[in-house]
Number of protein chains: 4
Amino acid sequence: MQLFAEDGYNAVSTSKVARMAGVSEGLVFRHFKSKEGLLNAVMEMGKKRIIALFAKVSEKDEPKAVLRRIIEIPFNIGQDEYHFWRLIYMVKWQTNDYIDSLFEPINEMLIKAFRELDYSDPQSEAEAIKMMIDGIATNLLLRRTENPQNLLKSIFEKYDL
Amino acid sequence: MQLFAEDGYNAVSTSKVARMAGVSEGLVFRHFKSKEGLLNAVMEMGKKRIIALFAKVSEKDEPKAVLRRIIEIPFNIGQDEYHFWRLIYMVKWQTNDYIDSLFEPINEMLIKAFRELDYSDPQSEAEAIKMMIDGIATNLLLRRTENPQNLLKSIFEKYDL
Amino acid sequence: MQLFAEDGYNAVSTSKVARMAGVSEGLVFRHFKSKEGLLNAVMEMGKKRIIALFAKVSEKDEPKAVLRRIIEIPFNIGQDEYHFWRLIYMVKWQTNDYIDSLFEPINEMLIKAFRELDYSDPQSEAEAIKMMIDGIATNLLLRRTENPQNLLKSIFEKYDL
Amino acid sequence: MQLFAEDGYNAVSTSKVARMAGVSEGLVFRHFKSKEGLLNAVMEMGKKRIIALFAKVSEKDEPKAVLRRIIEIPFNIGQDEYHFWRLIYMVKWQTNDYIDSLFEPINEMLIKAFRELDYSDPQSEAEAIKMMIDGIATNLLLRRTENPQNLLKSIFEKYDL
DNA sequence: CATGAATGAGGGTTCATTCAT
DNA sequence: GATGAATGAACCCTCATTCAT
């Protein structure tokens, strides 16, 4: 995961993977059939972690709290999930599989929250939040932003949270 | 540009480029010195188009109009600029050169506009807009969003535009 | 060794090497890392043979016998060592590594012998012999000389051997 | 000549030649037909200089003086002839044309001189001298020898010159 | 006479994948 | 299960040579 996330799928050779894992190159193919199989396995592994992450959000019921939690998600990317997030966004641009499925539960929570807050177009609002998350993630993952906390505050204000 | 934008720098072979351009592979190297030289040339070419695009914004003086123009930018990515935008965002994830310089003029316009509108933290607001643009571009370029116009409206409302 | 010796390092393609060895081109690089690595391996291999050759000389103690043995060396280049000698002299002209180290032990034996024979400038005499060896090798390796035995005799006479 | 002499025929690209000569690459081929044609022209050019060099020797009649002159030749390689000599010896190892023709006049002078000095095998003596010249040239051209004058003296003594 | 754009074969090298052990 | 030697296709790039201008 680390290698794929840092260098991109194409730039990582299977020999590098094997070396880093401390096994023979042959073994990689025995287990994962092909390089792509390895990628799939890695993605699957990480998906579970992300889903667990999203699960925590749904516990809260109060709509504003839900929004807050969701918007905070990309700001709280820890060292552990860092590689996986980077991988996801990296892969998005290389394969054409936009990993929507991952964000589907989030999507529904957003719509529900906006509806409860009487927004006129909950669907579009949800869309806007997801885009914002993409934008935030893009920027944070590429290490550009200096003080994300101010940014978070300014977003919260926009939604009166 | 099209090839790099669609498949990513690494995944495009110089022979593919040559074939698509209808020339010999050797010629590519005669003109651009190396594969990276070709990328640079393509980027430079596109930069000019982007800069021209941004130039139009500065003509307007009224701060709300400026904001509107800027936010609209990613929604108006035409067929012509499509490949270049995709290329920029693609490259961002493959090399570590975040192409900030391109967005620098936009950044200053944003800060100025927010200041004139008496926002309390213009810097962070500008940051937020740029992230939003990244998010919007990411989504539109990966062909995910169905009706972007609603989305645009909902963003405008947020800033009372 | 044979290919490098006959055609010169530059003129030998790795594909030619692979074909002649009856293996795939990839394997050459797996074993030797690069074309230069292959050259080094070949040189190292041959060096050992040469050193073994020189070792025989030192057994003799009597100075004139030592001289005789040393001068005879290039005349006795066998089919086995032929390629390696050719390689050494070939490489000398292509890289700037004059392989002096190989001849260092010989050099000292020569000086010692000339000193014992009361030559006035043993150093220069040794130098002269080494040049002669270079000359002889050059000529024999390029297959020019017809009857080297007469030549050997005439050299021996010069040193009263 | 300089390029070929320094880097070897194979390592010099025609584009390098053209650049160094300050002309277009096409012109090189217009004049010399091919890269090999260029080499031939260069060789031919230099041959004349060498022959002129040798011509001076024949003026002297006294056999010992002739020998001295001939043996001195490689010691007097000037900056002008340096490249050509290097080229000749370089080429010897890359093509199989040993350029004997060049040395033929020298050969005959040597035989004549040794005969006049009543050497028992003038032919082999001439052979020995030529080898010595090759050895000396090899060493001087590869910049190894420190004080060639001592060496020259020690050779002269050997022939009682 | 002179240019330089264009070519195509071949250069060294990497890499995903296979397979005997 | 695990290895690593072996493969061959593809990669980026160089180069001698041609040819329209």
Side-chain angles (χ1 to χ4, degrees), chain A residues 3-4 7-19 21-40, chain B residues 3-4 7-19 21-40, chain C residues 3-4 7-19 21-40, chain D residues 3-4 7-19 21-40:
Chain A
L3 284 177
F4 283 157
D7 301 344
Y9 178 74
N10 278 318
V12 174
S13 67
T14 52
S15 88
K16 219 173 184 171
V17 171
R19 214 177 318 128
V23 299
S24 71
E25 210 175 337
L27 194 56
V28 176
F29 285 86
R30 180 166 239 287
H31 276 320
F32 301 105
K33 192 82 180 163
S34 70
K35 192 183 172 186
E36 210 191 327
L38 172 61
L39 175 62
N40 291 338
Chain B
L3 283 176
F4 282 156
D7 301 344
Y9 179 73
N10 279 322
V12 174
S13 69
T14 52
S15 85
K16 219 175 185 169
V17 171
R19 212 176 317 125
V23 297
S24 70
E25 207 174 340
L27 191 58
V28 176
F29 287 89
R30 180 173 233 282
H31 278 320
F32 300 105
K33 197 83 181 162
S34 68
K35 191 184 174 187
E36 209 191 327
L38 173 60
L39 176 61
N40 290 338
Chain C
L3 283 176
F4 282 157
D7 301 344
Y9 178 73
N10 279 321
V12 174
S13 68
T14 51
S15 86
K16 219 173 183 172
V17 171
R19 212 175 319 125
V23 297
S24 70
E25 208 174 339
L27 191 57
V28 176
F29 287 88
R30 181 171 232 283
H31 277 319
F32 301 104
K33 198 82 182 162
S34 68
K35 191 183 173 187
E36 207 190 329
L38 171 61
L39 176 61
N40 290 339
Chain D
L3 284 176
F4 283 157
D7 301 344
Y9 178 74
N10 278 318
V12 174
S13 67
T14 51
S15 87
K16 220 175 186 169
V17 171
R19 214 176 317 127
V23 298
S24 71
E25 210 174 338
L27 194 57
V28 176
F29 284 87
R30 180 166 239 286
H31 277 319
F32 301 105
K33 191 81 181 164
S34 71
K35 191 183 173 186
E36 210 191 326
L38 172 60
L39 176 60
N40 291 338

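So you know, we letter chains A, B, ... as the sequences are listed, proteins then strands, and number each from 1.
Nucleic acid contact class of Thr14(A) (heavy atoms, under 4.0 Å, all strands): base. Val28(D) comes within 4.0 angstrom of no nucleic acid atom, judged by non-hydrogen atoms across all strands. Heavy atoms of Val12(A) sit under 4.0 angstrom from primed sugar atoms or phosphate atoms, though from no base atom.
In this structure, the separation between CG on Leu27(C) and CZ on Phe29(C) is 11.0 Å, given to the nearest 0.5 Å. Between atom CZ of residue Arg30(A) and atom OG of residue Ser24(A) there is a gap of 10.0 Å, rounded to the nearest 0.5 Å. Taken to the nearest 0.5 Å, the CG atom of Leu39(D) stands 11.0 Å off from the CZ atom of Phe32(D).
Between Lys16(A) and Asp7(A) the shortest side-chain heavy-atom distance falls below 4.5 Å.
Remark: the Thr14(D) side chain and the Glu25(D) side chain contain an N/O donor-acceptor pair separated by less than 3.5 Å.
Phe4(B) has its CZ atom 12 Å from the C1' atom of dC12(F), to the nearest Å. Whole-Å rounding puts the Glu25(C) CD to dC11(F) C1' distance at 12 Å. What separates CZ of Phe29(D) from P of dT18(F) is a distance of 8 Å, to the nearest Å. In this structure, the CG atom of Leu3(B) is 16 Å from the C1' atom of dC11(F), given to the nearest Å. If you take NZ of Lys33(A) and C1' of dG1(F), they are 16 Å apart, rounded to a whole angstrom. Rounded to an integer number of Å, the gap from Arg30(C) CZ to dT18(E) C1' is 12 Å. Atom NZ in Lys35(C) sits about 12 Å away from atom C1' in dG10(E), given to the nearest Å. At whole-Å resolution of the value, CG in Asn10(B) and C1' in dT14(E) are 13 Å apart.
One end of the helix from dA2(E)-dT21(F) to dT21(E)-dA2(F) points its axis 10° away from the other end's axis, with each axis taken from 5 pairs and the angle rounded to 10°.
Here dT3(F) is the nucleotide among dC11(F), dT3(F), dG8(F) with the atom lying nearest to any side-chain atom of Leu27(A). Listed nucleotides dG11(E), dC13(F), dA6(E) differ in distance to Ser15(C); the shortest reach to its side chain belongs to dG11(E). Distances from the side chain of Val23(B) to the nucleotides dA6(E), dT7(E), dT3(F) place dT7(E) closest.
Listed pair His31(A) / dG1(F) fails the phosphate criterion, with no side-chain N or O lying under 4.0 Å from OP1 or OP2.
Closest non-hydrogen pair, Val12(A) versus Leu3(A), comes out as CG2-O, 3.4 Å.
Between Ser24(A) and Ala11(D), the residue whose closest nucleotide on DNA chain F is further toward the 5' end is Ser24(A).
For the pair Lys35(B) and Phe4(B), the cation-pi test (distance below 6.0 Å, angle within 45°) is failed.
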